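In what follows, chains carry the letters A, B, and so on, assigned in the order in which the sequence lines appear, proteins first and then strands, with residues in each chain numbered from 1. Quick caveat, the model's predicted, so the values are computed rather than measured.
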Amino acid sequence: MNFSNTLIYWYLQNNRELPWRKTKDPYLVWLSEIMLQQTRIAQGLSYYLKFSEAFPKVENLANAEESTVLKMWQGLGYYSRARNLHFTAKYITQDLQGVFPSTYKELLKLKGVGDYTASAIASICFDEPTAVVDGNVYRVLARYFGIHTPINSTKGIKEFKALAQSMIDVEQPGTFNQAIMDFGSLQCKPQNPNCEECPINNSCVANEKGLTKILPIKEKKIKIKNRFFNYLVFVTEDGTTELEERKGKGIWQGMYQFPLIETAKEVAESTLITMEAFQQKVPSKSKIQLYNKDAIVHKLSHQHLHTRFWIIKLKENTKATIHWYDIEKYPVPVLISNFIEDFNKKSHNFF
DNA sequence: TAATCGTGGCG
DNA sequence: TCGCCAAGATT
């Protein structure tokens, strides 16, 4: 049996039962694919269930507020996915009369839909033989064929896409695509692949030559930037505080946070209070207290955020804009939501 | 084109 | 503890 048929046979016996596999509704398949970009199924599953229940049709999603969508997306990361998801839902509802594009070429035009996602939807929902190439596919193909081309190079991206396309089962492209991904995820895993019981181990180059540990090859290591965040957490006697929305480019667009002063390195209180940005944001005679002496290091894929929270007690009869009991309505990054949870337990120390 | 965009699990 | 990696896309 050849490569493709073997994978499909393996898949029929070993596939995972997942809610988005019970439908060919392109809206639900699209929703699942966007959520699972660079995201493990275990992490994305509960979000899919929540979204598909709240928004069973694309028009339901289109009619929601963007902040609502971001709030529901909170904790899943890569928040531009949520904004693009909402934008595209509105576009399909308003400009395409609610009819989902049905070809790879048309799907690719949607915001947030790239080569992988267009191929997945086209093959799964419309039986178009377009091969998906995700992290699993790179690994399976690199090992099976013994390919050393870096998977994140321009050459590698083209090479692996063409190879996957040449292997696809044109009669059941959706099944093939999901088969090779599940196979990569469960059998041909990054670490400790189960080569002993693999149905294609006798024709796998990496298995034959002992290359499973080095394939696939990925070049370039990312540089991590260190940043130093000082969040100003205002507290008042009437239980209000301040939040601001992150705008412009960079991390966490559209998410909310406490007023922020970023510094080049960790600063002492004496330095912080002399800064112009501080004096601009904080009324004079406010009491300031450092919440965490040791900076919380929040790690993103390209940045380490060394974060300290400063509790700013405003003087009597002053008011901030947001009540603490409303704060949970705002979409916030995990760093902020973790702080809020911790602060709620200890806040009595600061009043 | 290479850099950037989150969060969490694993060995 | 730390680097790797996960159903990638965008600019």
Side-chain angles (χ1 to χ4, degrees), chain A residues 15-16 18-21 28-48 70 73-85 87-88 107-124 131-140 150-158 160-161 164 174 176-186 188-193 213-214 216-225 227 246 248-255 297-305 331-338:
Chain A
N15 74 81
R16 292 171 282 190
L18 299 167
W20 49 86
R21 286 182 173 166
L28 292 174
V29 173
W30 165 69
L31 178 62
S32 73
E33 294 298 346
I34 300 296
M35 281 186 167
L36 293 174
Q37 287 168 2
Q38 292 290 284
T39 304
R40 291 171 201 281
I41 287 172
Q43 191 188 358
L45 180 58
S46 67
Y47 287 84
Y48 174 82
L70 276 173
W73 199 273
Q74 179 177 311
L76 199 52
Y78 287 144
Y79 297 100
S80 64
R81 291 183 298 170
R83 296 196 313 277
N84 289 337
L85 183 84
F87 178 93
T88 296
L107 288 161
L108 201 51
K109 295 177 183 173
L110 301 176
K111 197 175 280 191
V113 174
D115 186 272
Y116 164 81
T117 305
S119 300
I121 300 172
S123 63
I124 294 169
V132 298
V133 185
D134 74 332
N136 294 307
V137 177
Y138 279 122
R139 186 170 56 256
V140 171
I151 61 174
N152 56 345
S153 64
T154 303
K155 186 185 174 198
I157 291 168
K158 285 181 65 177
F160 282 97
K161 173 73 179 183
F176 170 81
N177 279 336
Q178 299 191 77
I180 191 171
M181 288 191 287
D182 252 23
F183 182 80
S185 177
L186 300 173
C188 193
K189 300 177 290 181
Q191 276 87 31
N192 305 319
K213 282 188 178 173
I214 67 162
I217 290 174
K218 189 185 277 188
E219 66 182 9
K220 307 160 198 164
K221 289 174 183 172
I222 60 172
K223 279 186 181 173
I224 302 234
K225 194 198 306 184
R227 302 175 71 181
R246 286 189 71 96
K249 303 213 169 198
I251 59 172
W252 299 337
Q253 275 179 63
M255 306 294 279
V297 184
H298 188 76
K299 296 178 178 178
L300 288 70
S301 52
H302 286 70
Q303 312 178 23
H304 287 183
L305 307 178
V332 297
V334 166
L335 171 64
I336 300 298
S337 95
N338 284 348

Atom pair distance, as rounded to whole Å: [atom1] in [X] and [atom2] in [N]:
X	N	atom1	atom2	result
Leu335(A)	dG8(B)	CG	P	11 Å
Arg81(A)	dA9(C)	CZ	C1'	10 Å
Lys213(A)	dG11(B)	NZ	C1'	12 Å
Arg227(A)	dT4(B)	CZ	C1'	12 Å
Lys249(A)	dG6(B)	NZ	P	14 Å
Ile151(A)	dA2(B)	CD1	P	15 Å
Lys158(A)	dT1(B)	NZ	P	9 Å
Ile222(A)	dA3(B)	CD1	P	11 Å

(Q) Between Asn192(A) and Gly75(A), which residue's closest nucleotide on DNA chain B lies nearer the 5′ terminus? (A)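 The answer here is Gly75(A).
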Q) So which one's nearest nucleotide on DNA chain B is more toward 5', Glu219(A) or Met255(A)? A)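 It is Glu219(A) whose nearest nucleotide is closer to the 5' end.
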Using the [atom1] atom on both, measure [N] against [M] and round to a whole Å.
N	M	atom1	value
dA3(B)	dA7(C)	P	24 Å
dT1(C)	dG8(B)	C1'	16 Å
dT11(C)	dT1(B)	P	16 Å

Q: Working to the nearest 0.5 Å, report the span between CD of Gln303(A) and CG of Leu300(A).
A: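 These two atoms lie 6.0 Å from each other.
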Q: Go through the steps to decide whether Tyr48(A) and Leu31(A) satisfy the test side-chain contact (heavy atoms from CB on, under 4.5 Å), and finish with yes or no.
A: CA-CA 7 Å; Tyr48(A) 174 82; Leu31(A) 178 62; 4.1 Å; yes
Q. Do Asn177(A) and Ile124(A) have side-chain heavy atoms sitting under 4.5 Å apart?
A.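 When only atoms from C-beta onward are counted, Ile124(A) and Asn177(A) do not touch, as no gap falls below 4.5 Å.
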**Q.** Side chains of Val137(A) and Phe160(A) in contact at under 4.5 Å (non-hydrogen atoms)
**A.**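 Not touching, per the 4.5 Å side-chain cut-off.
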Any base atoms under 4.0 Å from [X], or only sugar-phosphate, or nothing? Heavy atoms, all strands.
X	result
Gln253(A)	nothing
Leu76(A)	base
Gly250(A)	sugar-phosphate
Ile251(A)	sugar-phosphate
Val132(A)	nothing

Q: Measure across Tyr78(A) and Trp73(A) and return the closest heavy-atom pair with its distance rounded to 0.1 Å.
A: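 Closest approach of Tyr78(A) to Trp73(A), heavy atoms only: O-NE1, 3.9 Å.
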Q. Taking all non-hydrogen atoms of both residues, which atom of Ala164(A) and which atom of Phe176(A) are closest, and how far apart?
A.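 Shortest heavy-atom separation between Ala164(A) and Phe176(A) comes out as O-CE2, 4.4 Å.
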Q. Do the side-chain N or O atoms of Tyr79(A) get closer than 4.0 angstrom to the phosphate oxygens (OP1, OP2) of dT7(B)?
A.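 So the side chain of Tyr79(A) is within the cut-off, an N or O lying under 4.0 Å from OP1 or OP2 of dT7(B).
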Q) According to a strict under-4.0 Å criterion, is Trp73(A) in side-chain N/O contact with OP1 or OP2 of dC5(B)? A)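 For Trp73(A), the contact criterion (side-chain N or O under 4.0 Å from OP1 or OP2 of dC5(B)) is not met.
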Q: Spell out protein contact along nucleotides 1-7 of chain C as letters: B when the base is contacted, S when just the sugar-phosphate is, - when no protein heavy atom is under 4.0 Å; keep the 5' to 3' order.
A: ---SBBB
Q. Any chance the side chains of Arg81(A) and Asn84(A) put a donor and an acceptor closer than 3.5 Å?
A.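 No donor-acceptor contact under 3.5 Å links the two side chains.
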Q: Establish, from distance only, whether the side-chain atoms of Thr117(A) and Gln37(A) form a donor-acceptor pair under 3.5 Å.
A: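 Side chains of Thr117(A) and Gln37(A): pair found under 3.5 Å.
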